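All values reported here derive from a predicted model rather than from experimental measurement.
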Amino acid sequence: MSLLGKLFGGAGKGGKTPSPQEAIQRLRDTEEMLTKKQEFLEKKIEQELLTAKKNGTKNKRAALQALKRKKRYEKQLAQIDGTLSTIEFQREALENANTNTEVLKNMGFAAKAMKAAHENMDIDKVDELMQDITEQQEQAQEISDAISKPVGFGEEFDEDELMAELEELEQEELDRNLLEIGDSENVPLPSVPSTSLPSRPGMSKLEVAQRDLDAES
C-alpha cells in the first residue's frame with residue numbers, strides 16, 4: 001500500500017470511498033502533523049550543530065557523531081518539505097475539483113428546475129399567446145382613439161369657406177354702419193316755435209303788447 005493509502009486508510013475492496021470534504025480535511029491534518037515534525041527536526045539540527053561546535057577538536061568523536069545526526073535530520077527535513085509540497089498540491093487540486101463538482105451539481109439542479117418550468121410550455125402556444133396579446137393591445141388602442149374623439153361632431157368643415165363667410169359678415173356689418181352714419185346727416189333741424197313766449201311774471205298788458213310790436217318790427 002502506498003504512503004497516501006496508509007495516510008488515508010485506503011478504501012480497499014468493498015470499502016467506503018471518502019467524500020472530497022473528508023479527503024481535504026485529512027490532507028490538512030497531515031499537513032499540520034508534518035509541519036510540527038519540521039519544527040521538531042529544525043530544533044534537533046540546531047542542537048546537534050551546537051554539540052559539534054562545543055566539542056570541536058577537543059572531542060572529535062562526539063563532534064562527528066553530532067554532525068552525522070544533523071545530516072540525517074536534514075535529510076528527513078528535506079523529505080518532509082517535498083511531501084508537504086505534494087500534499088499541498090493535491091489538496092488544492094481536490095479543493096478545485098470539489099468546487100467544480102458543487103458548481104456542476106448546482107447547474108444541473110438549475111437545469112432540471114428550468115426544464116420543469118418549461119415542461120408545460122409549447123413554443124407554438126407561446127407564439128399564439130403573444131399574437132393574441134398584440135391583437136388585444138391594438139384593439140384597446142383603437143377603442144381609446146374612438147373614445148377620445150368628440151361625439152356628435154363628426155362633420156368636417158372647409159376652413160376656407162368659413163373664412164369667406166366671416167369676411168362677408170364683417171363686410172355687411174361695415175356697410176350697415178356706413179348707412180347709419182349717412183342717415184344721421186339728413187335728419188331735419190327742429191323748427192322755431194310760432195307761439196309767443198310766455199310773459200315774465202309781473203308784466204302788465206301794455207308791456208306785453210309793446211314786446212310783441214318790437215318783435216314784429
Side-chain angles (χ1 to χ4, degrees), residues 1-138 140-141:
M1 186 178 292
S2 64
L3 174 60
L4 292 178
K6 293 179 180 179
L7 289 174
F8 300 121
K13 294 182 179 180
K16 180 181 178 181
T17 302
S19 65
Q21 291 83 0
E22 293 175 346
I24 291 171
Q25 185 58 46
R26 289 200 177 189
L27 286 172
R28 288 175 177 170
D29 294 341
T30 303
E31 284 181 293
E32 184 178 356
M33 178 190 68
L34 292 176
T35 300
K36 292 179 179 179
K37 183 67 175 177
Q38 275 183 324
E39 294 174 355
F40 173 77
L41 290 174
E42 288 172 352
K43 290 180 180 180
K44 296 295 291 182
I45 290 171
E46 186 178 355
Q47 291 176 359
E48 296 300 336
L49 184 59
L50 291 175
T51 300
K53 289 180 179 180
K54 182 178 179 180
N55 289 294
T57 55
K58 297 178 182 178
N59 189 350
K60 290 183 179 181
R61 184 173 178 277
L64 291 174
Q65 290 296 327
L67 291 175
K68 288 179 181 180
R69 289 192 295 271
K70 183 178 78 70
K71 291 293 183 183
R72 289 199 302 270
Y73 295 149
E74 289 176 346
K75 185 177 180 180
Q76 293 178 27
L77 185 61
Q79 290 175 345
I80 291 176
D81 288 339
T83 303
L84 279 173
S85 297
T86 302
I87 291 176
E88 183 179 2
F89 175 80
Q90 187 179 20
R91 177 177 55 78
E92 291 176 353
L94 188 56
E95 288 174 346
N96 292 334
N98 184 50
T99 301
N100 293 335
T101 300
E102 290 297 323
V103 170
L104 291 175
K105 185 187 298 183
N106 293 333
M107 291 177 65
F109 182 78
K112 290 180 181 179
M114 186 177 295
K115 183 178 180 180
H118 293 162
E119 186 174 0
N120 296 325
M121 290 186 182
D122 185 356
I123 186 64
D124 294 332
K125 293 182 179 180
V126 173
D127 290 338
E128 292 178 1
L129 177 61
M130 295 306 297
Q131 290 178 0
D132 291 342
I133 292 175
T134 302
E135 292 177 359
Q136 293 300 322
Q137 290 177 343
E138 292 176 352
Q141 185 62 42

Rounded to the nearest 0.5 Å, what separation is found between the [atom1] atom of [X] and the [atom2] atom of [Y]?
X: Glu95; Y: Gln21; atom1: CD; atom2: CD; value: 10.5 Å
X: Gln76; Y: Ile80; atom1: CD; atom2: CD1; value: 6.5 Å
X: Leu77; Y: Lys44; atom1: CG; atom2: NZ; value: 14.0 Å
X: Asp81; Y: Gln38; atom1: CG; atom2: CD; value: 4.5 Å
X: Phe89; Y: Leu94; atom1: CZ; atom2: CG; value: 11.5 Å
X: Asp29; Y: Leu34; atom1: CG; atom2: CG; value: 11.0 Å

Do any side-chain atoms of residues 63-74 form donor-acceptor pairs under 3.5 angstrom with protein atoms, and if so which ones, sequence neighbours left out?
unit_1	atom_1	unit_2	atom_2	d
Arg69	NE	Glu48	OE1	3.0
Arg69	NE	Glu48	OE2	3.1
Arg69	NH2	Glu48	OE1	3.0
Lys70	NZ	Glu74	OE2	2.8

So do Thr51 and Asn55 actually touch side chain to side chain, heavy atoms under 4.5 Å?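 Counting from C-beta outward, Asn55 and Thr51 do come under 4.5 Å.
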For a 4.5 angstrom cut-off between non-hydrogen side-chain atoms, does Glu32 reach Arg28?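 They are not in side-chain contact.
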Answer with yes or no whether the side chains of Glu92 and Asn96 bring together a donor and an acceptor at under 3.5 Å.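 Side-chain D/A pair, Asn96 to Glu92: absent.
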Residues which pass side chain to side chain contact (heavy atoms under 4.5 Å, CB included) with Met130, listed by chain and number, not counting sequence neighbours: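 Met130: side chain to side chain contact (heavy atoms under 4.5 Å, CB included) contacts with Val126, Ile133.
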For Glu135, side chain to side chain donor-acceptor pair (under 3.5 Å) partners two or more places apart: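 Checked Glu135 against side chain to side chain donor-acceptor pair (under 3.5 Å); zero matches.
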Going by side chain to side chain contact (heavy atoms under 4.5 Å, CB included), Thr30 matches just one of Thr83, Leu84, Thr35, Ile87. Which one?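 Among Thr83, Leu84, Thr35, Ile87, the one that satisfies the side chain to side chain contact (heavy atoms under 4.5 Å, CB included) with Thr30 is Ile87.
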Sole residue of Arg26, Lys36, Lys37, Arg91 in salt bridge (Lys or Arg N to Asp or Glu O under 4.0 Å) with Glu31: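 Filter result, single survivor: Arg91.
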Do other residues, nucleotides or ligands put more than 12 heavy atoms under 6.0 Å from the CD atom of Glu102?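 Count over threshold, so yes.
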